[in-house]
2 protein chains.
Amino acid sequence: MYQELYDHIRRYVPLSAEEESVLASNLSHRVLKKKEHLLTAGQVCHANYFIVKGCLRLYIMTESGHEQTVQFAIENWWMSDYNTLGTSRITHVNIQSVENTEIVVLDATLQEYVFTRIPQLERYFRLVLQRAYAAAIMRAQYMLEMREEERYRHFSSAFPGFIQRIPQYMLASYLGFTPEFLSKIRAKKDA
Amino acid sequence: MYQELYDHIRRYVPLSAEEESVLASNLSHRVLKKKEHLLTAGQVCHANYFIVKGCLRLYIMTESGHEQTVQFAIENWWMSDYNTLGTSRITHVNIQSVENTEIVVLDATLQEYVFTRIPQLERYFRLVLQRAYAAAIMRAQYMLEMREEERYRHFSSAFPGFIQRIPQYMLASYLGFTPEFLSKIRAKKDA
DNA sequence: CGCGACGTTGATTTGCCTCAACGATTGTGG
DNA sequence: CCACAATCGTTGAGGCAAATCAACGTCGCG
């Protein structure tokens, strides 16, 4: 149980068998079918989610009424609405599974308790967040320096195989252009 | 000395006078003139920088040879190249002061030592990074959902006053368009 | 089988870029 | 302290990349 998470934590900090069990009693496990919602705009976000297997996406509804994918998360990444997590404010984002997905749920208040019992986890999350932040900055950089087509080519070479796991309209949205345009890019150079 | 930083830390975690002095002996202070470089592509990034007063920007040189501003940081924010900080890899980014700026420098290796002496700082940085990450995600969202002109209007209403502190060409670059276009936006609706 | 979701393709439009020339402002050295 | 250069901002003409809109093909699923 939770083995993938333990392994991930051990990449960053030591974790004893005893600590594993403290952690285990504060976690829960959840299985999501494809396209199932984990969080919907208007709700309060209570937990941090670790992906064991599968893929989540975070999206918002734009004023013009279409879904704008803001983030993807795959195996060994955490996802949540960090803007409101730990507060009682409602979220404006939606989190949904892209494919059948298995996650570990760490409730925000339990997380605080776990930190008191396993102080090294504070370090683990600091390191995880530093990586995530660095990745977000890199993404901002790519959005700024590359044109649409270049972004697609860069993304597909950086994450080969991932392309086949997600519908094209979600990828187009994430990369900041239209599905029609993505279709035209592929028609051009896939040959 | 370092009072602004102590105050900022105390927004998140307790900090005793004794811990202040442990911290102090591992920090240094630096004053930068406008446009001075703190980090240049090709160097190794050794430290994390806390802004006491002033403004830094992080930028890269694009293939076409122009400066692409990726981030700004102002009072009470930390800035560094988190992609390489703590490693011996060279950086590809530049960090430069926008105006006369005063910073606190926390060396990466000393930071590790300080964490062993003041474990609560691990928590402080976790919380700071969580906020920074949340802000970076919000920014990605704005880049995706808004058109160029809307981004400018949103930015200038979200950070009134900041506009006057930075040259327009840096702001245009940060927002993802050309200085000429920014000039045209302003001409349109400032009247 | 038929419907809805997804992807493709083409015609047209448009928002923003590029390029170029011209002001305004700053700062620096004689 | 002025002159000049360099930097920064403005304005306009023209071009192009990507959006929009619309129609059609295809696949999976109830």
Side-chain angles (χ1 to χ4, degrees), chain A residues 33-37 55 57 59 61-69 72 94 96-100 142-156 162-191, chain B residues 32-37 55 57 59 61-69 72 94 96-101 142-156 162-191:
Chain A
K33 284 210 198 319
K34 186 174 176 173
K35 298 232 163 188
E36 201 173 331
H37 276 84
C55 177
R57 71 164 179 145
Y59 71 92
M61 295 303 295
T62 64
E63 287 199 5
S64 48
H66 83 276
E67 301 179 351
Q68 176 60 62
T69 299
F72 290 111
N94 308 274
Q96 183 195 38
S97 60
V98 174
E99 50 193 22
N100 293 340
Y142 294 143
M143 293 296 290
L144 290 167
E145 74 176 323
M146 295 181 186
R147 309 205 126 289
E148 277 72 351
E149 177 164 353
E150 195 181 358
R151 283 209 291 281
Y152 168 71
R153 306 222 176 273
H154 178 268
F155 186 89
S156 46
F162 183 58
I163 303 288
Q164 287 105 40
R165 293 171 60 179
I166 53 179
Q168 291 196 19
Y169 73 94
M170 286 187 194
L171 178 60
S173 172
Y174 174 81
L175 291 175
F177 46 78
T178 62
E180 291 94 330
F181 185 64
L182 178 51
S183 187
K184 280 162 193 171
I185 295 174
R186 302 190 56 160
K188 203 195 307 185
K189 189 89 180 289
D190 277 7
Chain B
L32 301 166
K33 282 209 199 322
K34 187 175 176 173
K35 300 229 163 191
E36 201 174 330
H37 277 83
C55 178
R57 70 164 180 147
Y59 70 92
M61 296 303 296
T62 64
E63 287 199 5
S64 48
H66 84 275
E67 300 180 352
Q68 176 61 62
T69 299
F72 290 110
N94 307 274
Q96 183 195 38
S97 60
V98 173
E99 50 194 20
N100 293 340
T101 298
Y142 293 143
M143 293 297 289
L144 289 167
E145 74 176 323
M146 295 180 185
R147 314 201 127 290
E148 277 72 349
E149 177 164 352
E150 196 181 358
R151 281 208 293 280
Y152 168 71
R153 306 226 176 271
H154 178 269
F155 185 89
S156 46
F162 183 58
I163 303 289
Q164 287 103 40
R165 292 170 61 178
I166 53 178
Q168 291 196 21
Y169 73 93
M170 284 186 195
L171 179 60
S173 171
Y174 175 80
L175 291 176
F177 46 79
T178 60
E180 292 93 331
F181 186 65
L182 177 50
S183 187
K184 281 162 194 173
I185 294 175
R186 301 190 58 160
K188 204 195 305 184
K189 188 88 178 287
D190 277 6

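Numbers restart at 1 for each chain; the letters A, B, ... are given by sequence-line order, proteins then strands. The shown structure was predicted, so the numbers you read here are calculated from the model rather than taken from an experiment.
- Going from atom CD1 of A:I166 over to atom C1' of C:dC6 covers 14 Å, rounded to whole Å.
- The side chain of B:Y169 lies closest to D:dC8 when the candidates are C:dC6, C:dT9, D:dC8.
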| note | With sugar-phosphate taken as primed atoms, P, OP1 and OP2 and all else as base, the protein-contact string of nucleotides 14-30 of chain D at under 4.0 Å (heavy atoms; B, S, -) is ---SSSBB---------

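- Nucleic acid contact for B:P167: sugar-phosphate only, since backbone atoms but no base atoms lie under 4.0 Å from a heavy atom of the residue.
- Atoms CD1 and CZ, from B:I163 and B:F155 in turn, are 5.5 Å apart once rounded to the nearest 0.5 Å.
- Partners of B:S183 by side-chain contact (heavy atoms from CB on, under 4.5 Å), not counting sequence neighbours: none found.
- Taking atom NE2 of residue B:H66 and atom P of nucleotide D:dT7, one finds them 17 Å apart after rounding to whole Å.
- Contacts of A:R147 classified as salt bridge (charged side-chain N to carboxylate O under 4.0 Å, His left out), with partners at least two apart in sequence or in another chain: none.
- A:E150 pairs by the salt bridge (charged side-chain N to carboxylate O under 4.0 Å, His left out) definition with nothing, not counting sequence neighbours.
- The distance from atom NZ of A:K188 to atom C1' of C:dG10 is 15 Å, rounded to the nearest whole Å.
- Counting to the nearest Å, the P atom of C:dT26 and the NZ atom of B:K35 are 14 Å from each other.
- Put simply, CD on B:E150 is 14 Å from C1' on C:dG15, counting in whole angstrom units.
- For A:R151, there are no side-chain hydrogen bond (donor to acceptor under 3.5 Å, both in side chains) partners at least two apart in sequence or on another chain.
- For the side-chain contact (heavy atoms from CB on, under 4.5 Å) test, residues two or more places apart in sequence or in another chain that qualify with A:T69 are A:R57, A:Y59, A:F72, A:M170, A:S173, A:Y174.
- Residues forming a side-chain contact (heavy atoms from CB on, under 4.5 Å) with B:F181 (at least two apart in sequence, or on another chain): B:E148, B:F177, B:T178, B:I185.
- Residues meeting the salt bridge (charged side-chain N to carboxylate O under 4.0 Å, His left out) test with A:E180, sequence neighbours left out: none.
- To the nearest angstrom, C1' of C:dG15 lies 15 Å from CG of B:L182.
- Rounded to 10 degrees, the angle between the two end axes of the helix from C:dC1-D:dG30 to C:dG30-D:dC1 is 40°, with five pairs used at each end.
- Rounded to whole angstrom, the span from the CZ atom of B:R186 across to the P atom of D:dT11 amounts to 11 Å.
- Separation of atoms CE (A:M61) and CD (A:E67) is listed at 5.5 Å; rounding is to 0.5 Å.
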